[in-house]
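Shown next, in structure tokens, is the structure this report addresses.
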Amino acid sequence: MEIDAHGSFNCSKAVFDKYMKDHGGSIVNITATLHHRGVPLQTHAGSAKAAIDAMTRHLAVEWGQHGIRINCVAPGPIDDTEGMRRLGGAQLKQQTGSMDALTRTIPAGRLGTKEDIANGALYLVSPAGSFVTGTNLIVDGGHWLTQNTTVVLGRL
């Protein structure tokens with residue numbers, strides 16, 4: 001909660017007070033999809049990410065009058081990232097020799113890239129996203145729609 005929820009709020013509040021209150025702008029918070037479905041062993045992270053989503057919606061309403069748009073990007077399984085390593089990607093690759101088992105659960109048929117996330121954020125801050133505020137853009141190739149948590153439950 002300290003890093004995710006409080007950190008996101010403190011950063012947003014600081015940029016609001018120092019600049020955006022008078023000049024407007026766009027804020028993009030990074031969240032996840034852990035709270036859209038229950039995920040074993042992720043209560044702490046899912047709760048923090050739910051707080052960021054709620055904060056984003058509330059601030060979009062509160063700060064909209066200042067010309068500020070605030071949104072979230074929720075990355076899915078992104079290849080070659082610390083999150084992937086920490087959430088079992090390295091272990092899966094070591095055990096099976098590839099990421100194929102995970103890739104098969106993603107409707108888009110591949111792991112995401114850092115560029116995919118950057119493109120989502122770029123859309124939200126660009127003129128193309130100028131009428132989007134208070135939303136969570138899920139950039140995960142559809143993974144959250146098919147994610148199987150029963151596999152993890154069997155290991156508890």
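In terms of modelled atom types and a separation under 3.5 Å, the side chain of D4 and the main chain of K49 share no donor-acceptor contact. A donor-acceptor contact shorter than 3.5 Å is absent between the side chain of R69 and the backbone of G134.
In this structure, CG in N10 is found 9.0 Å from CD in E2, a value given to the nearest 0.5 Å. Atom SG in C72 sits 8.0 Å away from atom CZ in R57 (nearest 0.5 Å). Separating the OG1 atom in T133 from the CD1 atom in I68 is a distance of 9.5 Å, to the nearest 0.5 Å.
Under the 4.5 Å side-chain heavy-atom criterion for Ile, Leu, Val, Met, Phe, Trp and Tyr, L124 and I30 are members of the same hydrophobic cluster. Taking hydrophobic clusters as Ile, Leu, Val, Met, Phe, Trp and Tyr residues chained together by side-chain heavy-atom distances below 4.5 Å, V15 shares a cluster with M55.
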For residues 16-27, tabulate all N or O donor-acceptor pairs below 3.5 Å that involve a side-chain atom, not counting sequence neighbours.
from, atom 1, to, atom 2, distance (Å)
D17, OD1, K13, NZ, 2.9
D17, OD2, K13, NZ, 3.2
H23, ND1, Y19, O, 2.9

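Under the rule for a side-chain hydrogen bond (donor to acceptor under 3.5 Å, both in side chains), the partners of H35 that lie at least two apart in sequence or sit in another chain are D53. In this structure A51 satisfies the side chain to side chain contact (heavy atoms under 4.5 Å, CB included) test together with M1, A5, sequence neighbours excluded.
In this structure, the side chains of V73 and T31 stay at 4.5 Å or more apart for every pair of heavy atoms. The shortest distance between side-chain heavy atoms of L137 and N71 does not fall below 4.5 Å. Looking at V28 and V125, their side chains come closer than 4.5 Å, going by heavy atoms from C-beta outward.
Within 6.0 Å of NE2 on H58 lie no more than 12 heavy atoms contributed by other residues, nucleotides or ligands.
Residue A74 comes nearest to T33 through the heavy atom pair CB-CG2, 4.1 Å, listed as atom of the first residue, atom of the second, then distance. Contact record, P77 with L102: CB-CD2, 4.0 Å, taken as the closest heavy-atom pair. The minimum heavy-atom distance between L34 and G46, with the atom names listed, is CB-CA, 3.8 Å. Heavy-atom minimum distance, Q65 versus E62: NE2-O, 3.2 Å. In terms of heavy atoms, S8 sits closest to N29 at CB-OD1, 4.0 Å.
In this structure, L145 shares a hydrophobic cluster with I138, W144, the cluster being traced through Ile, Leu, Val, Met, Phe, Trp and Tyr side chains under 4.5 angstrom apart. Cluster partners of I52: none. The rule joins Ile, Leu, Val, Met, Phe, Trp and Tyr whenever side-chain heavy atoms lie under 4.5 Å apart, and it links nothing here.
Under the side-chain hydrogen bond (donor to acceptor under 3.5 Å, both in side chains) criterion, the residue pairs touching residues 114-126 are R110-D116, T113-D116, with sequence neighbours excluded.
Among I78, L122, D140, the single residue meeting the side chain to side chain contact (heavy atoms under 4.5 Å, CB included) criterion with I117 is I78.
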